[in-house]
2 protein chains.
Amino acid sequence: MNGVRIKDVAAKAGVSTATVSRVLHDNGYVSAAARERVEDALRESGYRINAVARELRKRRTITIGLILHGALSNPFVTEVVVGAEHAAAEQGFSVLLFNARGDAEREYECVETLLSRRVDGIVFTTAVSGDNVQRVVDAGVAAVEIERRLCPAAASVVVDNYDGAQEAMKHLLELGHRRIGYIGEPFPEAQARHEATDIARRRFDAYRDALREAGEPFDEACVVRGDYPREQGGWGGLETGAAYMDRLLAQAPDLTAVFAASDLLAAGALQTLYARGVRVPDRMSLVGFDDTFAPHLAPPLSTVRQPMFEMGFKAASLAITLITDDRAEPPVERCAMSLVVRATTARPGA
Amino acid sequence: MNGVRIKDVAAKAGVSTATVSRVLHDNGYVSAAARERVEDALRESGYRINAVARELRKRRTITIGLILHGALSNPFVTEVVVGAEHAAAEQGFSVLLFNARGDAEREYECVETLLSRRVDGIVFTTAVSGDNVQRVVDAGVAAVEIERRLCPAAASVVVDNYDGAQEAMKHLLELGHRRIGYIGEPFPEAQARHEATDIARRRFDAYRDALREAGEPFDEACVVRGDYPREQGGWGGLETGAAYMDRLLAQAPDLTAVFAASDLLAAGALQTLYARGVRVPDRMSLVGFDDTFAPHLAPPLSTVRQPMFEMGFKAASLAITLITDDRAEPPVERCAMSLVVRATTARPGA
DNA sequence: CTGTTAGCGCTTTCAA
DNA sequence: TTGAAAGCGCTAACAG
């Protein structure tokens with residue numbers, strides 16, 4: 001560790017530590033002569049401020065914590081992190097990154113660590129437990145949740161999944177599709193409406209409503225949602241998408257388009273379509289959701305874009321704002337989804 | 001900020017701060033009675049240690065810095081980060097994340113910030129400037145470079161690109177392919193051998209050597225490497241892969257297999273192949289490199305896997321080891337590449 | 001077994 | 001315009 005202290009610089013320049021501190025932060029009165037001597041001493045000694053000492057003294061760390069869940073491999077989370085880091089860096093904040101890997105217990109520990117490190121704010125890239133978020137609020141530290149809203153006392157950055165899915169359906173309907181299938185994640189109908197399960201539910205609701213509004217009868221055969229729990233380790237993943245598409249092809253052979261509730265599911269579907277020799281979009285149109293690796297697929301996938309970078313950016317900005325400004329009502333920022341049309345959608349039979 | 005100090009707990013328990021500290025860290029002698037009283041006081045007061053104060057006092061932050069470059073969107077970097085975080089967390093370390101976005105200047109600033117924050121070590125997920133790495137070494141802080149070795153005084157975690165590419169070629173050759181194309185990134189032949197450009201060069205060298213060893217004549221027409229600089233904003237990307245494959249198809253129509261120097265390039269190639277109606281692997285085999293989104297493609301891409309998680313994990317572990325252990329020679333850890341066979345490779349004309 | 005005390009390196013009154 | 005000095009909250013001798 002670099003051992004040059006402010007005291008050493010002061011000695012070298014023949015002034016007090018207070019004076020050095022003043023020139024360091026350019027505040028208070030310092031004579032030109034003294035300033036010059038200090039600046040020389042600073043340069044010659046290769047002084048580097050000790051941020052830890054300053055943080056202790058000022059009781060502010062200029063740091064925010066970012067908690068995410070294993071799925072950093074998930075491109076969604078990745079972009080959120082990039083956005084958050086970007087916003088933080090712009091304001092001179094550092095980012096402490098923790099991965100709670102989907103576990104509430106571990107999330108709790110991350111929160112505790114972050115709190116004892118005295119971060120100024122914490123961003124949850126999707127919290128697992130509302131209690132953990134509440135803990136942050138209770139500690140008087142700015143808390144921001146992304147995507148899911150588990151703790152009403154915390155600020156949040158959300159997105160309207162219903163809107164997004166609606167855009168996708170509108171696109172398909174406008175192209176002239178009538179028989180449209182749905183591949184998605186399960187959500188126990190019976191279960192109370194958690195914000196969590198709501199994501200899947202709202203995407204599905206938009207699908208069903210769009211069909212109804214178009215005067216199309218709702219047909220169970222067009223939907224594969226796997227109402228079983230995370231079995232065979234593949235839930236919500238690539239294999240699931242592939243398997244669902246297979247089922248769809250068998251159950252509803254007259255489908256001309258499919259709406260997949262995530263890019264991952266869509267990627268799996270595309271694999272089945274490729275294997276079965278069903279040309280996309282000629283014989284089947286496909287729309288995904290997220291816009292993660294949609295552009296990489298063959299053909300490039302039309303999808304609903306979640307503004308991931310923006311969400312991360314806003315969340316971090318919000319956290320930083322909240323540090324100083326504390327208002328009564330925790331703000332809820334909404335980000336807009338948008339449809340990105342690429343090459344998997346066309347008129348039926350085109 | 002939670003205002004409960006060790007002093008408050010001590011007062012409440014009727015002991016000195018030293019005793020509280022002792023029970024907190026479970027060292028030194030503490031009578032059962034005192035311990036109990038302190039533990040009660042700890043619980044009742046909701047005490048949370050102030051890590052900043054401890055860090056200042058102990059002159060150790062139990063934190064490592066992680067510098068990466070914009071390309072967190074790059075799944076490669078992502079996995080490295082996950083691995084590094086994992087290793088750090090396992091050892092009780094926190095991770096401070098900075099994005100220098102490919103810029104040496106910004107990288108310099110990240111280093112300075114990290115150094116003034118007194119991190120115990122810094123991991124460069126590919127450093128931009130060797131001087132910046134050297135700065136860390138000079139400050140007496142553990143430095144580890146991933147993938148690229150720019151500073152001989154720092155430790156590093158590397159991978160053998162030649163080996164990896166060789167695996168890919170071996171696979172293709174063993175399947176019986178003879179006319180094998182190459183799509184890759186350019187590397188100015190003329191330029192001095194930087195470790196940087198070496199990555200592309202070594203992958204290509206393996207391609208050429210494998211062909212030679214198989215007794216196949218080297219044919220320029222089978223190679224598209226774009227010896228032009230990053231023009232049209234698409235260098236090394238998806239569009240590049242698509243365009244290169246198009247050229248390859250025109251230049252060397254008798255190719256039965258192609259080795260793409262990255263998954264991204266391969267994804268682009270797959271798009272062209274799909275558009276042209278060239279079935280994979282029936283009429284064309286394709287191998288990628290990296291194993292990032294290879295499994296998501298249709299068909300799932302056979303590729304050379306870089307152990308990204310492992311590299312990140314090892315880098316962070318190495319950094320942490322170096323913090324205590326400091327040996328004369330900075331260690332260089334090598335990770336092995338491995339071929340992952342999926343569905344884009346088969347015997348020619350199968 | 002326990003308490004006192006001297007800092008860690010910095011900022012910031014306060015008085016000169 | 002400057003310096004002395006009092007902490008920020010914690011740890012670790014050292015003395016008892």
Side-chain angles (χ1 to χ4, degrees), chain A residues 1-39 41-42 45-63 112-113 115-120 139-141, chain B residues 1-39 41-42 45-63 113 115-120 139-140:
Chain A
M1 197 173 286
N2 193 330
V4 187
R5 282 115 66 239
I6 231 178
K7 194 205 286 186
D8 305 319
V9 177
K12 183 168 219 159
V15 298
S16 73
T17 60
T19 300
V20 175
S21 180
R22 286 186 190 110
V23 349
L24 233 31
H25 301 94
D26 201 27
N27 62 7
Y29 297 102
V30 173
S31 67
R35 155 161 288 123
E36 183 146 346
R37 290 211 313 285
V38 170
E39 276 166 354
L42 242 22
S45 61
Y47 174 76
R48 181 144 44 211
I49 201 172
N50 183 324
V52 178
R54 186 191 28 199
E55 287 167 9
L56 175 60
R57 172 65 225 226
K58 304 194 75 163
R59 278 104 142 277
R60 281 201 57 209
T61 54
I62 328 249
T63 302
E112 279 304 313
T113 306
L115 253 19
S116 53
R117 282 180 174 270
R118 288 340 194 232
V119 294
D120 300 317
V141 171
Chain B
M1 195 172 289
N2 194 329
V4 186
R5 282 114 68 240
I6 231 179
K7 194 205 286 184
D8 304 320
V9 177
K12 181 168 221 159
V15 297
S16 74
T17 61
T19 301
V20 177
S21 180
R22 286 186 191 110
V23 350
L24 234 29
H25 301 94
D26 201 28
N27 62 8
Y29 298 102
V30 175
S31 66
R35 155 161 287 124
E36 183 145 348
R37 291 212 312 287
V38 169
E39 277 166 354
L42 242 20
S45 63
Y47 174 77
R48 179 142 49 208
I49 201 171
N50 183 325
V52 178
R54 185 189 30 196
E55 288 168 10
L56 175 60
R57 173 65 225 229
K58 306 194 75 163
R59 276 102 141 276
R60 280 200 59 208
T61 54
I62 329 246
T63 302
T113 305
L115 254 19
S116 53
R117 281 180 174 271
R118 291 332 194 236
V119 294
D120 300 317

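A note on names: the letters A, B, ... follow the listed sequences, proteins ahead of strands, and every chain is numbered from 1.
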*Just report the end-to-end axis angle for the helix from dC1(C)-dG16(D) to dA16(C)-dT1(D), five pairs per end, to 10 degrees.*
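The helix from dC1(C)-dG16(D) to dA16(C)-dT1(D) shows an end-to-end axis angle of 50°.
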Report yes if some heavy atom in the side chain of [X] is under 4.5 Å from a heavy atom in the side chain of [Y]; otherwise report no.
{"X": "V4(A)", "Y": "R48(A)", "result": "no"}
{"X": "V23(A)", "Y": "L42(A)", "result": "yes"}
{"X": "V52(B)", "Y": "V52(A)", "result": "yes"}
{"X": "V9(A)", "Y": "V15(A)", "result": "no"}

query: Can you tell me if R118(A) uses its side chain to pair, donor with acceptor, with the backbone of L115(A) under 3.5 Å?
result: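 Here the side-chain-to-backbone pair exists.
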Flag, side chain of S21(A) to backbone of T19(A), donor-acceptor distance under 3.5 Å: no
For this session: Can you sort out the partners of R117(B) under salt bridge (Lys or Arg N to Asp or Glu O under 4.0 Å), two or more places apart, ordered by chain and number?
Result: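 Here the qualifying residues are E55(A).
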With sequence neighbours left out, the residues meeting side-chain contact (heavy atoms from CB on, under 4.5 Å) with E36(A) are D40(A)
Sorted by chain and residue number, the side-chain contact (heavy atoms from CB on, under 4.5 Å) partners of K7(B) (sequence neighbours excluded) come out as R5(B), T17(B)
Exercise for review: May I ask you to decide whether R59(A) forms a salt bridge with D120(A), counting only side-chain N to carboxylate O separations under 4.0 Å?
Suggested key: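 Looking at D120(A) together with R59(A), the answer is no, because their closest N to O distance does not fall below 4.0 Å.
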Handout entry: First-last contacting nucleotides on DNA chain D - partner chain A, under 4.0 angstrom, heavy atom
Key =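 That gives a stretch of dT1(D) to dG9(D).
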Each nucleotide of nucleotides 6-11 of chain C classed B (base within 4.0 Å of a protein heavy atom), S (only sugar-phosphate) or -, in 5' to 3' order, makes BBBBBB
